[in-house]
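First up is the structure itself, then whatever we jot down about it.
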Amino acid sequence: MRLSLLLTAAGAAAALILAGCGAAEYSTEGNRESGKQLFIARCAGCHVLAAAGTAGTIGPNLDDAFAQSRADGLTTDTFTQVIRDQILYPIEDPVTDATGMPGPDETLPECDDVEGDAFCVEDRQQAVDDIGVYVGAVAGTGVTTEKPTDGKSIFATTCAQCHTLADAGTAGTVGPNLDQSKPPKTLVTDRVTNGKGTMPSFKDSLDRTQIEAVAEYVSSAAGK
Ligand code: HEC
Ligand code: HEC
């Protein structure tokens, strides 16, 4: 999978050079800080990336995905290109029963297409460049940010993408609106530990203290 993605990216880059075409031109312009914030808001729920302190388990661990290629000498620019392609053209519905990755209309909807206060970006291409440059620079480098230990920060980096919780300022709609369902602490602990349906288990990526902290936070903040 990793190899074929890299090959595709290399092929696409070569085709662009041949065609001299500017439309989808690869850019190293991108704002890393903005890329980090976007990653946490839109990708963290599904991917581990140690530099961002994220714990999602639905998609591949991005440090693992890029560490070997980095060791093999592939450069950050190549990763940036691979990541941009993955965001813009993921396989949303694999033919096997593997889980796909949602397309850009879902991960980075443009504000022109979004109503209300749901998440959106003004300029998708810029957002893709920012995320590509950020993830390309940090994935598989061994750089880590301590995963947060306070419940609200854990929620923001791990749960926000899928759940609405006004106290945390999040508006995810994949899972239940927690202000409405007001789950008791035992239920939060159970879901975070064991997962259910589309919600993955976090028991391998959050430790007990973190699960306890996020459960305490959600059960006390929901519905406020
Ligand atoms: C709902 C879950 C989900 C979200 C949200 C998501 N991804 Fe993914 N991602 C996946 C899955 C599942 C795969 C594996 C399937 C595939 O490679 O297409 C994947 C694959 C990837 C890969 C390829 C990794 C490899 O091993 O080659 C990259 C890079 C990636 N995602 C980056 C991102 C970025 C950046 C975002 C945010 C814009 C994001 N993902 C959002 C689920 C998700
Ligand atoms: C990839 C999306 C996703 C992520 C990330 C996610 N959840 Fe969920 N969550 C769901 C879905 C979907 C359900 C509904 C599961 C079902 O009942 O089938 C759910 C259910 C729940 C419930 C039960 C709510 C109820 O009323 O039934 C709680 C509590 C909960 N999640 C908390 C969390 C917390 C805390 C985190 C972060 C540690 C988190 N979730 C991360 C998707 C997600």
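Note that this is a predicted model, so its numbers are computed, not measured.
Here Ala137 pairs with Arg32, Thr76 under the side-chain contact (heavy atoms from CB on, under 4.5 Å) rule; sequence neighbours left out. Asp150 is linked by a side chain to side chain donor-acceptor pair (under 3.5 Å) to Ser153, counting only residues two or more places apart in sequence or in another chain.
Taking both residues in full, the closest heavy atoms of Asp179 and Lys224 are given as OD1-N, 4.3 Å, listed atom of the first, atom of the second, then distance. The minimum heavy-atom distance between Pro200 and Thr57, with the atom names listed, is CB-OG1, 3.2 Å. Val121 and Ala127 get closest at one heavy-atom pair: CG1-CB, 4.1 Å. Across all non-hydrogen atoms, the minimal contact from Ala55 to Ser205 is O-OG, 2.9 Å. Residues Pro90 and Gly103 share a closest heavy-atom pair of CG-CA, 3.7 Å. Shown here for Ala50 and Asp63, the closest heavy-atom pair between the two residues is N-OD2, 2.6 Å.
Inspection of the Thr78 and Thr75 side chains reveals an N or O donor paired with an N or O acceptor under 3.5 Å.
Hydrophobic clustering (side-chain heavy atoms under 4.5 Å, transitive across Ile, Leu, Val, Met, Phe, Trp, Tyr) keeps Val48 apart from Ile154. Placement of Ile131 and Tyr89 within a single hydrophobic cluster is found when ILVMFWY residues are connected by side-chain heavy-atom separations under 4.5 Å, directly or transitively. Using a 4.5 Å cut-off between side-chain heavy atoms of Ile, Leu, Val, Met, Phe, Trp and Tyr, with links allowed through other members, Phe202 and Val188 fall into the same hydrophobic cluster. Linking ILVMFWY side-chain heavy atoms closer than 4.5 Å, directly or via other members, places Val128 and Phe66 in a single hydrophobic cluster.
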Working for side-chain contact (heavy atoms from CB on, under 4.5 Å), residues Thr107 and Ile87: CA-CA 8 Å; Thr107 52; Ile87 301 170; 4.3 Å; yes

Apply side-chain contact (heavy atoms from CB on, under 4.5 Å) to Glu212 and Thr189, showing your working. CA-CA 7 Å; Glu212 161 80 22; Thr189 307; 5.8 Å; no

The test is side-chain contact (heavy atoms from CB on, under 4.5 Å); show your working for Lys182 and Leu178 and say whether it passes. CA-CA 5 Å; Lys182 296 196 189 67; Leu178 298 176; over 6 Å; no

Show the numbers, then the answer: is there a side chain to side chain donor-acceptor pair (under 3.5 Å) between Asp77 and Gln81? CA-CA 6 Å; Asp77 281 359; Gln81 177 67 20; over 6 Å; no

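Interatomic distance, CD1 of Ile211 versus OG1 of Thr158, reported as 10.5 Å (0.5 Å rounding). The distance from the CE atom of Met101 to the CD atom of Glu92 is 9.0 Å, given to the nearest 0.5 Å. Interatomic distance, Asp85 CG to Thr80 OG1, rounded to the nearest 0.5 Å: 11.0 Å. Taking OG1 of Thr141 as the reference point, atom CZ of Phe79 lies at 10.0 Å (rounded to 0.5 Å). The distance from atom CG of Asp130 to atom CZ of Phe39, rounded to the nearest 0.5 Å, is 14.0 Å. The distance from atom SG of Cys43 to atom CD1 of Ile83, rounded to the nearest 0.5 Å, is 10.0 Å.
Open room surrounds CG on Asp93; 12 or fewer heavy atoms of other groups in view lie less than 6.0 Å from it.
Using a 4.5 Å heavy-atom cutoff, the side chains of Pro148 and Thr157 are in contact. At a threshold of 4.5 Å between non-hydrogen side-chain atoms, the residues Lys36 and Ile40 count as touching. Side chains of Leu38 and Tyr134 form no contact here, defined as non-hydrogen atoms less than 4.5 Å apart. Side-chain contact between Thr149 and Thr209 is absent, with no heavy atoms from C-beta onward closer than 4.5 Å. Using a 4.5 Å cut-off on side-chain heavy atoms (C-beta onward), Pro183 and Val218 make contact. Side-chain contact between His47 and Asn61 is absent, with no heavy-atom pair separated by less than 4.5 Å.
In this structure a side-chain-to-backbone donor-acceptor pair under 3.5 Å is present from Glu110 to Arg124. Listed for the Ser219 side chain is no donor-acceptor partner under 3.5 Å among the backbone atoms of Pro184. Remark: the backbone N or O of Lys203 is not paired with any side-chain donor or acceptor of Thr193 at under 3.5 angstrom. Although no hydrogens or angles enter the test, the distance criterion places a donor-acceptor pair under 3.5 Å between the side chain of Gln161 and the main chain of Gly45.
A cation-pi contact, defined as under 6.0 Å to the ring centre and within 45° of the axis, links Arg42 to Phe119.
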Acceptor/donor pairs from residues 163-170 side chains to any protein atom, 3.5 angstrom cut, sequence neighbours excluded:
| from | atom 1 | to | atom 2 | distance (Å) |
| --- | --- | --- | --- | --- |
| His163 | ND1 | Pro176 | O | 2.8 |
| Thr164 | OG1 | Gly172 | O | 2.8 |
| Asp167 | OD2 | Tyr217 | OH | 2.6 |
| Thr170 | OG1 | His163 | O | 2.7 |
| Thr170 | OG1 | Leu165 | N | 3.1 |

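Between Lys185 and Asp190, no side-chain nitrogen of the basic residue sits less than 4.0 Å from a carboxylate oxygen of the acidic one, so the salt-bridge criterion is not met.
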